[in-house]
Amino acid sequence: GLGDVYKRQFRDFDGLLERAERESNGRGIVKITPPDGWFEGAAAVAAELMGAPRPEDATAAEAAAADRAAQRLARTDVRPMRQCVSNPTGAKGAFDVALIPQPKTSVAGFRAWARRREADDARRAAEQRARFERRGVRARGRGGGGAAVPDDFPDAADVARRAADFWRTIGPNEGQPAPEYGADVDASIFAGEDESAGSGWNLHGMPSCRLRPFLARLGASMPGVNRGMLYFGAPRAFFAWHVEDANLYSINYLHCGAPKSWYALSPERSRVFERLAGDHFPEAQSQCRDFLRHKNTLLTPQLVAAASGLLQYEGDMVECVQRAGDMVITFPDAYHCGFNHGFNAAESTNFATDRWAAVGRKATSCECQPDTVHINVPLFEDWQRRGDEALVVVEEPEEGGGETPPRSPKRPRVEGTPRRSRCRACAGCSAPDCGACKYCLDKPKNGGPNKLKKPCVGRVCTAIAAGA
């Protein structure tokens, strides 16, 4: 039957991805709903993640998958990030995000917190609807702005309402507590390199990812590239506009819980979008040309849709809803953002195909972030052609000396720029921190994650600015 045909097609990851990429007509995102039974134990694992009873009819294999998930979750900590939104330029629809790390908690602890936040949100929404009804005002409609993927699910109206509410109230001082996101948790629900745990789509050991054997040969550890990572969403927790490091593909599987709303641009519109973001945040762009890789810039879809010359064709910006059991794939160099409708658990990883290298060579990188991924694409391509021979460097022997033995395989080189020292004498060096800019908020003394590692915007050293 058609179900068996789809199952056979689904097992061919490369073939199905190539077809999806071709039929997407240049869009930046695609949603794939796997066939039933693709991941043995999916229902039991979802129940474990949700803190619910396991299915009574679970098979031995499904129970084993749930036991494995329970063991991993028991030793997994979540470090939520509080997402504090500000509107520093005053422009409507353009927001800066400060990420404030919160104390570590268990998966069960974060889930309980998110459930309480869900109840609070439901209460506020009910009160708001009651106020509207008393005034004879209808609830507001869609708030996306992109070309929506057809949505005929029973909860479609609720999903649309949540999207409208999210973008309408995303700014500061809107009466909503700051959301928290349990992102980038270095753990996986899938079973190592066991392909049967995903029929070729195992996010923890994707055989389709050309990069993984290359990075393993180099001894490089890159969570989210070598292996999958977990993401625990909460009501209104979001991910800001960004492209993946090294312009890689990304795949996100929603194990369970509330939906995610995604917004993605066509890769062809990326440079225009970067100019739009730079126009709204010129100071950030002057300090780092790749400031969007900091993942702290949020432009509403309405602002993007209204930008002159950005969206030229239908599908240049796509809005889609991911529900439990769905996979979402973003394509290289496609900017995307989104938010969670409530508590959920997802797993994600970057990956590469044979078609990635051409766009990977064009990727820029940010030196502000210590965990930025750098991949030597020419070396990767040479390794694909020549194997481990490409990783061996033979030096010319010095005059009068013998042959130099081959070196061991190179590890990835993290490129950096030399720092110039502050003079510590000018007015800028002597000025106090303002305590309000994103660099001050990033400092550990102010509870920040210490990722930007830059001085206060009011403490500019005149010697460095002059090029001394």
Side-chain angles (χ1 to χ4, degrees), residues 49-51 73-87 95-125 162-163 165-187 189 223-224 229-242 252 254-263 294-298 300 322 324 336-348 369 371 436 438 440-452:
L49 286 162
M50 295 296 292
L73 293 175
R75 59 176 183 266
T76 297
D77 289 328
V78 180
R79 182 75 181 274
M81 283 288 180
R82 180 168 294 167
Q83 300 171 314
C84 299
V85 177
S86 62
N87 182 219
F95 303 102
D96 186 74
V97 184
L99 302 176
I100 311 299
Q102 302 302 297
K104 287 183 179 180
T105 184
S106 64
V107 173
F110 183 81
R111 181 176 60 229
W113 174 86
R115 290 269 175 76
R116 291 193 296 271
R117 182 62 63 86
E118 283 180 332
D120 291 343
D121 281 3
R123 175 182 51 77
R124 279 192 294 268
R162 287 180 182 273
D165 288 346
F166 174 82
W167 293 112
R168 180 174 55 83
T169 61
I170 186 61
N173 303 318
E174 294 289 350
Q176 296 274 9
E180 295 183 11
Y181 199 2
D184 299 329
V185 178
D186 191 2
I189 294 300
M229 301 183 79
L230 292 176
Y231 293 77
F232 296 97
R236 304 175 58 80
F238 59 87
F239 43 103
W241 287 103
H242 68 285
N252 183 293
L254 190 57
H255 282 284
C256 58
K260 287 179 185 281
S261 284
W262 292 73
Y263 304 82
H294 301 171
K295 301 179 184 178
N296 60 3
T297 300
L298 200 60
T300 65
Q322 179 190 23
H336 53 280
C337 73
F339 71 94
N340 299 284
H341 293 219
F343 174 75
N344 57 31
E347 190 161 341
S348 182
Q369 306 282 7
D371 55 353
K438 62 182 177 182
C440 286
L441 295 175
D442 176 67
K443 295 181 180 181
K445 68 180 182 180
N446 296 323
N450 197 31
K451 286 188 174 181
L452 301 182

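In this chain, residues are counted from 1 in sequence order. All heavy atoms count here, side chains included; hydrogens, waters and symmetry mates do not.
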Practice prompt. Not counting sequence neighbours, which residues clear side-chain hydrogen bond (donor to acceptor under 3.5 Å, both in side chains) with Glu118? List them please.
Written response: none

Worksheet item: Which residue pairs pass the side chain to side chain donor-acceptor pair (under 3.5 Å) test when at least one of the two sits in residues 230-241, sequence neighbours left out?
Response: Thr169-Arg236, Asp184-Tyr231

Item to complete: Could you give me the CA-CA distance, side-chain angles and deciding distance for Phe343 and Arg117, then say whether side-chain contact (heavy atoms from CB on, under 4.5 Å) is met?
Response: CA-CA 9 Å; Phe343 174 75; Arg117 182 62 63 86; over 6 Å; no

Item to complete: Applying ring-ring contact (aromatic ring centres under 6.0 Å, His included), name anything that partners Phe110, two or more places apart in sequence or on another chain.
Response: Trp113

Item to complete: Quick one: closest heavy-atom pair of Pro101 and Arg79, and the distance?
Response: CB-NH2, 3.5 Å

Fill in: For Asp77, side-chain hydrogen bond (donor to acceptor under 3.5 Å, both in side chains) partners two or more places apart
none

Worksheet item: Say you draw a straight line from CG of Asn87 to CG of Asp96; how long is it, rounded to the nearest 0.5 Å?
Response: 9.5 Å

Item to complete: For the pair Gln102 (side chain) and Glu180 (backbone), establish whether a donor and an acceptor sit closer than 3.5 Å, ignoring hydrogens and angles.
Response: no

Discussion item. Check whether Asn252 reaches the backbone of Ser348 with its side chain - one donor and one acceptor, N or O, closer than 3.5 Å.
Written reply: no

Discussion item. List the residues meeting side-chain hydrogen bond (donor to acceptor under 3.5 Å, both in side chains) with Arg115, not counting sequence neighbours, and say none if there are none.
Written reply: none

Worksheet entry | Smallest separation among heavy atoms of Pro103 and Pro80, with atom names | O-CD, 3.5 Å

Practice prompt. Return the set of residues passing salt bridge (Lys or Arg N to Asp or Glu O under 4.0 Å) with Arg123 (not counting sequence neighbours), or none when no residue passes.
Written response: Glu127

Item to complete: Could you give me the CA-CA distance, side-chain angles and deciding distance for Arg168 and Asp165, then say whether salt bridge (Lys or Arg N to Asp or Glu O under 4.0 Å) is met?
Response: CA-CA 5 Å; Arg168 180 174 55 83; Asp165 288 346; 3.0 Å; yes

Item to complete: Please name all residues satisfying side-chain hydrogen bond (donor to acceptor under 3.5 Å, both in side chains) with Gln83, sequence neighbours left out, ordered by chain then number.
Response: none

Discussion item. According to ring-ring contact (aromatic ring centres under 6.0 Å, His included), who are the partners of Phe238, at least two apart in sequence or on a separate chain?
Written reply: none

Practice prompt. Under the ring-ring contact (aromatic ring centres under 6.0 Å, His included) rule, collect the residues that match up with Phe95, sequence neighbours excluded.
Written response: none

Worksheet item: Less than 4.0 Å between a side-chain N and a carboxylate O, is that true for Arg124 and Asp121?
Response: yes

Worksheet item: How many angstroms lie between atom CG of Leu49 and atom CG of Leu254, to the nearest 0.5 angstrom?
Response: 10.0 Å

Worksheet, complete the sentence: Residues Leu298 and Ala240: closest non-hydrogen pair is CD1-CA, 3.8 Å

Discussion item. My understanding is that only residues two or more places apart in sequence, or in another chain, count here; which of them pass ring-ring contact (aromatic ring centres under 6.0 Å, His included) with His294?
Written reply: none

Worksheet entry | Glu347 and Leu230: CA distance, side-chain angles, deciding distance, side-chain contact (heavy atoms from CB on, under 4.5 Å) verdict | CA-CA 4 Å; Glu347 190 161 341; Leu230 292 176; 3.6 Å; yes

Worksheet item: Could you give the distance from CG (Asn296) to SG (Cys84), rounded to the nearest 0.5 Å?
Response: 12.0 Å

Worksheet item: Closest approach of Ala163 and Tyr263, non-hydrogen atoms and distance?
Response: CB-OH, 3.8 Å

Discussion item. One pair to check against side-chain contact (heavy atoms from CB on, under 4.5 Å): Phe232 and Asn340. What are the steps and the verdict?
Written reply: CA-CA 9 Å; Phe232 296 97; Asn340 299 284; over 6 Å; no

Fill in: Partner residues of Ala324 under the side-chain contact (heavy atoms from CB on, under 4.5 Å) criterion, sequence neighbours left out
none

Worksheet item: Which class fits the ring pair His341 and Phe339: parallel under 30°, tilted 30 to 60°, perpendicular over 60°?
Response: parallel

Fill in: Taking every non-hydrogen atom, the tightest pair across Arg82 and Ala178
CG-CB, 3.7 Å

Worksheet entry | Least distance between heavy atoms, Asn344 atom then Pro259 atom | ND2-O, 3.8 Å

Discussion item. For Ala108, give me all partners under side-chain contact (heavy atoms from CB on, under 4.5 Å), at least two apart in sequence or on another chain.
Written reply: Ser106, Arg111

